[in-house]
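Letters A, B, ... are given to chains in the order of the sequence lines, protein chains preceding strands, and every chain is numbered from 1.
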2 protein chains.
Amino acid sequence: MLPTHCLCTKLRRATRSVNRLYDDALAAVGLNAAQYSLLRNLERLERPSITSLAEAMGLDRSTLGRNLRVLEGKGLLALEGGEDQRNRLVSPTAAGRACLDQARAAWERVQEQLGQRLGPEKRSALMALLDELENLG
Amino acid sequence: MLPTHCLCTKLRRATRSVNRLYDDALAAVGLNAAQYSLLRNLERLERPSITSLAEAMGLDRSTLGRNLRVLEGKGLLALEGGEDQRNRLVSPTAAGRACLDQARAAWERVQEQLGQRLGPEKRSALMALLDELENLG
DNA sequence: GGCAACTGCGGGTATATACACGTATTTATG
DNA sequence: CATAAATACGTGTATATACCCGCAGTTGCC
């Protein structure tokens, strides 16, 4: 693999690599990393609208809308209209909650394993740097 | 934006954010960050095959094959068969090289700007951490 | 030399992602 | 109240990404 000094390329590469790790760990429960993240965020909000869930995740609304369809198709969440007839509120189904419970265990294993490989200093340094990068725009 | 402890999610978020920065910087020359990276790698190899270019970039071959088509459609690179009738060799066109020259200046600006915002210590710490993450599998 | 194994690719499929545009609904303004 | 502005979505389009499968060409082995 050719080395690069480009921060963007390095980030992209590292993300693909780590993403693969999490994807593999979650494959047994039928989720990928992005889907797990979506369900986790959904769990922490009270029947959010598509827009507010997208904001919580830092994703474009139309992106999230499409991601939701995939999980809706798997029967893991439901989209129902609220009082405001414009928006659709997202909530996990029973299957979605059950799936998330299983996924959480798998996630904890890979997260822990990665943390061990990095060691606590690098791990927290990385976290801090990523926070900083996230808040650029 | 909801905070998360998930390394994968944090990486994905930070990458999207930084990627946007580079995309914006490169938009004036009609490239995005991934395309710039592709052309840069192509510049550094001698008429690589699709497979070897994919390996150099750490991308799946079929992914790279599709990415190549986009740049081929823009007239920035050409795919020609070599002696081995199985593979197709990739080379930049004159337009591709010209485009890359322009893109390089834009890239340097955004790379420098990001480096300044981080400061030299964080910048090199980040680089080192990303290298480490890239080499996990 | 002929068949088996390997290599290099393209295509199918699925997903994630973003931006621009249009539409329906709600709110604000005069 | 009527119209303008703002809000919430969906769709169209484009791109990046990966995995699997199959085909064609090459190599190796006997």
Engineer: Distance check needed: dG11(C) C1' versus Ile50(B) CD1, whole Å only.
Structural biologist: 13 Å
Engineer: Apply salt bridge (Lys or Arg N to Asp or Glu O under 4.0 Å) to the pair Glu132(A) and Arg117(B), showing each step before the final yes or no.
Structural biologist: CA-CA 10 Å; Glu132(A) 200 164 339; Arg117(B) 288 183 68 167; over 6 Å; no
Engineer: Consider only side-chain heavy atoms of I, L, V, M, F, W and Y, link residues closer than 4.5 Å, and tell whether Val70(B) and Ile50(B) are in one cluster.
Structural biologist: no
Engineer: Over how many whole Å does the gap from Arg20(A) atom CZ to dC19(D) atom C1' extend?
Structural biologist: 11 Å
Engineer: With heavy atoms under 4.0 Å as the rule, sort Asn32(B) into base, sugar-phosphate or nothing.
Structural biologist: sugar-phosphate
Engineer: To the nearest Å, give me how far apart CG (Leu39(B)) and P (dA16(D)) are.
Structural biologist: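 Distance, rounded to whole Å: 11 Å.
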Engineer: Of the options Arg13(B), Lys10(B), Lys122(B), which is the one that meets Asp131(A) in a salt bridge (Lys or Arg N to Asp or Glu O under 4.0 Å)?
Structural biologist: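 Among Arg13(B), Lys10(B), Lys122(B), the one meeting salt bridge (Lys or Arg N to Asp or Glu O under 4.0 Å) with Asp131(A) is Lys10(B).
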Engineer: Could you check how far CG of Asp23(B) sits from P of dT15(D), rounded to whole Å?
Structural biologist: 12 Å
Engineer: Salt bridge check: are Glu134(B) and Arg12(A) linked by an N-O gap of less than 4.0 Å?
Structural biologist: no
Engineer: Heavy-atom contacts under 4.0 Å between residues 59-92 of chain A and DNA chain D, which residues?
Structural biologist: Arg61(A), Ser62(A), Arg66(A), Arg69(A), Arg86(A), Asn87(A), Arg88(A)
Engineer: Separation of Glu55(B) atom CD from dA18(D) atom P, in whole Å?
Structural biologist: 13 Å
Engineer: Tell me: CZ of Arg13(A) to P of dT17(D), nearest whole Å?
Structural biologist: 11 Å
Engineer: Expressed as a whole number of angstroms, how long is the span from Arg16(B):CZ to dT17(D):P?
Structural biologist: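 Interatomic distance, CZ of Arg16(B) to P of dT17(D): 14 Å.
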Engineer: Taking only side-chain N and O atoms of Arg12(A), does any of them lie within less than 4.0 angstrom of OP1 or OP2 on dT17(D)?
Structural biologist: yes
Engineer: Should Arg61(A) and Glu55(A) count as an ion pair when the cut-off is N to O under 4.0 Å?
Structural biologist: no
Engineer: What is the distance from CG of Asn19(B) to P of dT15(D), rounded to the nearest Å?
Structural biologist: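 My rounded result for the distance is 15 Å.
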Engineer: Under 4.0 Å between a side-chain nitrogen and a carboxylate oxygen: does that hold for Arg104(A) and Asp101(A)?
Structural biologist: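 A salt bridge links Arg104(A) with Asp101(A).
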